[in-house]
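In what follows, a structure is listed as structure tokens, so that the remarks can point back to it.
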Amino acid sequence: SHDFIMFYTTRGRAYRLKGYEIPEGSKTSKGSNIVNILPLENGEKVSAMIKIPKEDEGMYLCMVTRKGIIKRSSLDIFRNVRKNGIIAVNLREDDELAWVKLTSGNDDLLVATKKGMCIRFNENDARPLGRTASGVKAITLKDGDEVIGMSVMSEGGKLLTVSETGFGRISENNNYRLQSRGGKGLKNYHIDKYGEVAAISDINEEDDIILISQDGIIIRIPACAVRICARPSKGVKVMKINDGDKVATL
């Protein structure tokens, strides 16, 4: 109840609340409209939430946009957030902030795209920037492509990739070699055969996976039910998708 939660929006703004300021509800309740909790502008949506740890010294926030821009900032500069929010990143035209991760200062990051590409680089490739800066290029995107996820890579960890058509695959992190920030990256998935990538997540074998479709269908499966395969194979069917529906997130 007394944890601080940071909310980041598609327009690059940051808000901060205590846990108890968010109304509690049951699993089936509708919840409160976010505009009753945060002073969002018209068309602005929450795209990321971060629980701030009590021991946060030396930590960084890595923010990635749909168009492949990354901004890394010290968590210290977000200690005093006004009630009506502050600018976390200055966005370029037609872009939106979509992912925010807490990092240690020397983590490897993986950025994946809808068209099946991905790039792994060390966060120090993106120097720390002030609160109102715009950021630098994380990955070079092809026409029509966009970023669909960012993951913090751990030693000996694994990465889950799920396609819009309901296929999923877990790959060892060592399948993704370290590259320099800003390149085109590596092939992560065969989208021509198995559909565009819906989402990625770092994962371990004890985890459960919750998949949500655009129609609001939810399933929960154990991670051990998904085959471990090398990049860029298709994996296995993890969710049955109805005609016209797609996997939205995991």
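Residue numbers start at 1 and run along the sequence shown.
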If you round to the nearest 0.5 Å, how far is CD1 of I228 from CG of L160? 11.0 Å
Looking only at side-chain N and O atoms, does N188 offer a donor or acceptor that is under 3.5 Å from a partner on R169? yes
Side-chain donor/acceptor of Y8 to backbone N/O of M49, under 3.5 Å: no
Give a yes or no answer on whether the side chain of R181 reaches the backbone of K137 with a donor-acceptor pair at less than 3.5 Å. yes
Separation of L110 CG from N173 CG (nearest 0.5 Å): 8.0 Å
Flag side-chain contact, heavy atom, 4.5 Å: Q179 against L186: yes
Tell me whether the count of non-hydrogen atoms from other residues, nucleotides or ligands lying under 6.0 Å of CD in E172 goes above 12. yes
NZ (K184) with more than 12 external heavy atoms under 6.0 Å: no
Per the side-chain hydrogen bond (donor to acceptor under 3.5 Å, both in side chains) rule, what does the pair list look like for residues 208-226, sequence neighbours excluded? D208-R220, S213-D245
Check whether I87 and F78 end up in the same hydrophobic cluster, where Ile, Leu, Val, Met, Phe, Trp and Tyr are linked by side-chain heavy atoms less than 4.5 Å apart. no
Do we get K237 above F167's six-membered ring, with its NZ or CZ under 6.0 Å from the centre and within 45° of the axis? yes
Is there a continuous path of hydrophobic side-chain contacts, each under 4.5 Å between heavy atoms, that joins F7 to I37? yes
All heavy atoms of P128 vs all of Y60, minimum pair found to be CG-CE2, 3.8 Å
Minimum heavy-atom separation for A98 to A48, with atom names? O-CB, 4.3 Å
Nearest heavy-atom neighbours spanning D202 and S151: OD1-OG, 3.0 Å
Between atom NE2 of H190 and atom OG of S163, what is the distance when rounded to the nearest 0.5 Å? 12.5 Å
Does one hydrophobic cluster hold both V100 and I77, with members joined at side-chain heavy-atom distances below 4.5 Å? yes
Testing L250, V226, I209 one by one against I203 for a side chain to side chain contact (heavy atoms under 4.5 Å, CB included), which residue passes? I209
Please walk me through it: do R92 and K67 pass side-chain contact (heavy atoms from CB on, under 4.5 Å)? CA-CA 9 Å; R92 296 164 196 187; K67 300 289 185 186; over 6 Å; no
Between R72 (side chain) and D125 (backbone), is there a donor-acceptor pair under 3.5 Å? no
Please indicate whether R79 has more than 12 foreign heavy atoms, meaning atoms of other residues, nucleotides or ligands, lying under 6.0 Å from its CZ. yes
Heavy-atom distance under 4.5 Å between the side chains of L109 and K101, does that happen here? no
Please answer whether the main-chain N or O of G182 pairs with a side-chain N or O of T140 as donor and acceptor at a distance below 3.5 Å. yes
Test item: T113 side-chain N/O and V147 main-chain N/O as donor-acceptor pair under 3.5 Å: no
Considering non-hydrogen atoms only, spot the tightest contact between V152 and L102 and give its length. CG2-O, 4.3 Å
Shortest non-hydrogen contact from N84 to R13? O-NH2, 3.0 Å
Can you measure from OH (Y15) to CD1 (I34) and round to the nearest 0.5 angstrom? 10.0 Å
Under 4.5 Å between any side-chain heavy atoms of V247 and I241, yes or no? yes
Output every pair passing ring pair (Phe, Tyr, Trp, His ring centres under 6.0 Å) with a member in residues 109-159, not counting sequence neighbours, ordered by first then second residue. none
When rounded to the nearest 0.5 angstrom, what is the spacing between CD1 in I148 and OG1 in T161? 7.5 Å
With the 4.5 Å side-chain cut-off for hydrophobic clustering, are I70 and L141 part of the same group? yes
Contacts satisfying salt bridge (charged side-chain N to carboxylate O under 4.0 Å, His left out) that involve residues 104-117 (not counting sequence neighbours) are D108-R120, K115-E196
Taking a hydrophobic cluster as the set of Ile, Leu, Val, Met, Phe, Trp and Tyr residues connected by side-chain heavy atoms closer than 4.5 Å, whether directly or through intermediates, do V89 and V81 fall within one such cluster? yes
Salt-bridge criterion met for R66 and E146 (N-O under 4.0 Å): yes
N175 CG to C118 SG distance, which is reported to the nearest 0.5 Å: 9.5 Å
Please check: side-chain N/O of S47 versus main-chain N/O of L97, any donor-acceptor pairing under 3.5 Å? yes
Is it true that atom CG of N80 has more than 12 heavy atoms of other residues, nucleotides or ligands lying nearer than 6.0 Å? no
With heavy-atom distances below 4.5 Å as the criterion, would you say the side chains of M117 and Y189 are in contact? no
Donor-acceptor under 3.5 Å (T10 side chain, E44 main chain): no
Quick check: does any side chain N or O of K71 sit under 3.5 Å from a backbone N or O of A88, one acting as donor and the other as acceptor? yes
Minimum-distance pair of heavy atoms, taken over all atoms of N106 and E123: N-OE2, 3.2 Å
Side-chain contact test, heavy atoms from C-beta onward, threshold under 4.5 Å: evaluate it for V46 versus L40 and give yes or no. yes
Has K18 got its NZ or CZ under 6.0 Å from the middle of the six-membered ring of F4, at an angle within 45 degrees of the ring axis? yes
